[in-house]
Engineer: 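Below are the structure tokens for one structure; questions will follow.
Computed from heavy atoms alone, side chains included, the values below leave out hydrogens, waters and symmetry copies. In each ligand, atom 1 is the first atom listed, and ligand 1 is the first ligand listed.
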Amino acid sequence: MLVLAIETSCDDTAAAVTGDGRVLSNAVASQDEIHADYGGVVPELAARRHLETIQRVIRRALGEAEVAVSDLDAIAVTRGPGLIGSLLVGVSAAQGLALRTGLPLVGVNHLEGHALSPLVNGNLEMPFLSMVVSGGHTAVYLVSDIGEYAEVAATCEDSAGEAFDKGAKMLGLGYPGGRLIDETARGGDRGAIRFPRGRVKRDPLAFSFSGLKTALWDYLRRDDNNGSLPDICASFQEAIVEVLVRRAVTLAERLQVPRIAVAGGVAANSRLRELMTSETEEGGFEVVFPPMSLCTDNAAMIAYVATRRLECELPGEELVAVSRLPLGPRLELT
Ligand code: KG4
Ligand code: ZN
């Protein structure tokens, strides 16, 4: 089954072709240089750039896969959650192509794409926990089957990616900050500064990173702050990563699901990969990370979801772009 997918939920213009769920091409046009001056994504600029780039990216995805539009079996598109202006560009492009070709069009939840992305090139038996850690989201889902998801934990404010990006901005490192903090932290001492591990009293399973951000701000304004940049980055990164790893393990134990997938842009973090692997080794957990190209936003994960849904004869999502879209109901753990 040949599927062309389009993904424009935030600031990456992406298109990909998969054959029976295997990646044949995965084209992404990054907009980082446009948003770097602002230290974050400017929605209006993102939508405009998607509009300028989308057709070229689609042609690149088809070309790299050596597939013609007439060979395709379906078109898939991210319909939410994300920036509404950005989503509308992708949805309109997909609708236009579907109208022209008569191909079926499948709307996909971006979070389902991230949650299942570790399965694209890897293998994990269900049920498993999928921790989606990106710039827009930080949540853990129980994946029981294709189309059967429940949210078991989420952030109550900032996402982990936002914490990295805002931290990097304060440190003058640039945007997007996650990769830059990751690289700068390599030579640093992660025990140099004790930054707080965020916790929410009323919901101990929720993630919270705003206190960490304030702690970094306070530290940088102190007269006696003498940590080197690598030490600050390593310590700041450790505070985020430790919380993510601990929470994933706690949830896996509570739900008795010894399989954890980590997805989203922050899953590219080298220390997260290292700590998650070492912390879960003893407990006999199976841990899967997608390759880097499937961590940050991409359309291959969207094509994969559409393929699996079509195989299972599950209905696609409604084809209306929406900025807020949950993935499954909330499962309250007692
Ligand atoms: O999944 P993604 O491309 O977009 C969203 O759906 O939000 O994630 C982008 C986020 C950014 O916040 C970026 O700083 C972060 O992923 N990121 C990283 C790394 N690479 C990207 N964070 C930590 N370490 C990295 N190596
Ligand atoms: Zn994403």
Engineer: Which salt bridge (charged side-chain N to carboxylate O under 4.0 Å, His left out) pairs, counting each pair once, include a residue from residues 65-91, with sequence neighbours left out?
Structural biologist: R79-E317
Engineer: Between E183 and R179, is there a side-chain N and carboxylate O pair less than 4.0 Å apart?
Structural biologist: yes
Engineer: Tell me if the CZ atom of R222 is crowded by more than 12 foreign heavy atoms within 6.0 Å.
Structural biologist: yes
Engineer: Using a strict cut-off of 4.0 Å, indicate which atoms of ligand 1 neighbour a heavy atom of D165.
Structural biologist: 11 (C), 12 (O), 13 (C), 14 (O)
Engineer: For ligand 1, is there an atom lying under 4.0 Å from some heavy atom of H137?
Structural biologist: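 The answer is no, since H137 has no heavy atom less than 4.0 Å from ligand 1.
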Engineer: Tell me the contacting part of D182 for ligand 1: side chain, backbone, both, or neither, using a 4.0 Å heavy-atom threshold, strictly below.
Structural biologist: side chain
Engineer: Say whether, by atom type as modelled, one donor and one acceptor occur between the side chain of S134 and the main chain of G264 under 3.5 angstrom.
Structural biologist: no
Engineer: Do me a favour and list the nearest non-hydrogen protein atom to atom 3 (O) of ligand 1 with residue, atom name and distance?
Structural biologist: D297 N, 2.9 Å
Engineer: Which residue supplies the protein heavy atom nearest to atom 22 (N) of ligand 1, what is that atom called, and how far is it?
Structural biologist: G178 CA, 3.3 Å
Engineer: Sort by chain and number the protein N/O/S atoms found under 2.8 Å from the Zn ion (ligand 2).
Structural biologist: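 Atoms qualifying: H110 NE2, H114 NE2, D297 OD1.
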Engineer: Report, in ascending order of atom number, the atoms of ligand 1 lying under 4.0 Å from any heavy atom of G161.
Structural biologist: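 By the 4.0 Å cutoff, the relevant atoms are 12 (O).
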Engineer: Please round to the nearest 0.5 Å and tell me the distance separating atom CG of N298 and atom NE2 of H114.
Structural biologist: 7.5 Å
Engineer: At what distance, to the nearest 0.5 angstrom, does CG of D11 lie from NE2 of H50?
Structural biologist: 6.5 Å
Engineer: Does any pair with a residue in residues 110-139 pass salt bridge (charged side-chain N to carboxylate O under 4.0 Å, His left out), and if so which ones, sequence neighbours excluded?
Structural biologist: E112-R309
Engineer: Any chance CG of D223 has more than 12 other-residue heavy atoms, nucleotides or ligands included, within less than 6.0 Å?
Structural biologist: no
Engineer: For ligand 1, which atoms, with element, lie under 4.0 Å from some heavy atom of C295?
Structural biologist: 1 (O)
Engineer: Within a distance under 4.0 Å of any heavy atom of T296, pick out the atoms of ligand 1 and give their elements.
Structural biologist: 1 (O), 3 (O)
Engineer: Partners of E64 by salt bridge (Lys or Arg N to Asp or Glu O under 4.0 Å), sequence neighbours excluded?
Structural biologist: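 Only R60 meet the salt bridge (Lys or Arg N to Asp or Glu O under 4.0 Å) criterion with E64.
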Engineer: Using a strict 4.0 Å cut-off to heavy atoms of H114, name the atoms of ligand 1 that fall inside it.
Structural biologist: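 Under 4.0 Å from H114, ligand 1 has these atoms: 1 (O), 6 (O).
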Engineer: For ligand 1, which atoms, with element, lie under 4.0 Å from some heavy atom of H110?
Structural biologist: 6 (O)
Engineer: May I ask you to decide if the ring planes of F236 and F195 are parallel, tilted or perpendicular, using 30° and 60° as cut-offs?
Structural biologist: perpendicular
Engineer: With heavy atoms of G136 as the reference, note each atom of ligand 1 found under 4.0 Å away.
Structural biologist: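 Numbered from 1, ligand 1 contributes 5 (C), 7 (O).
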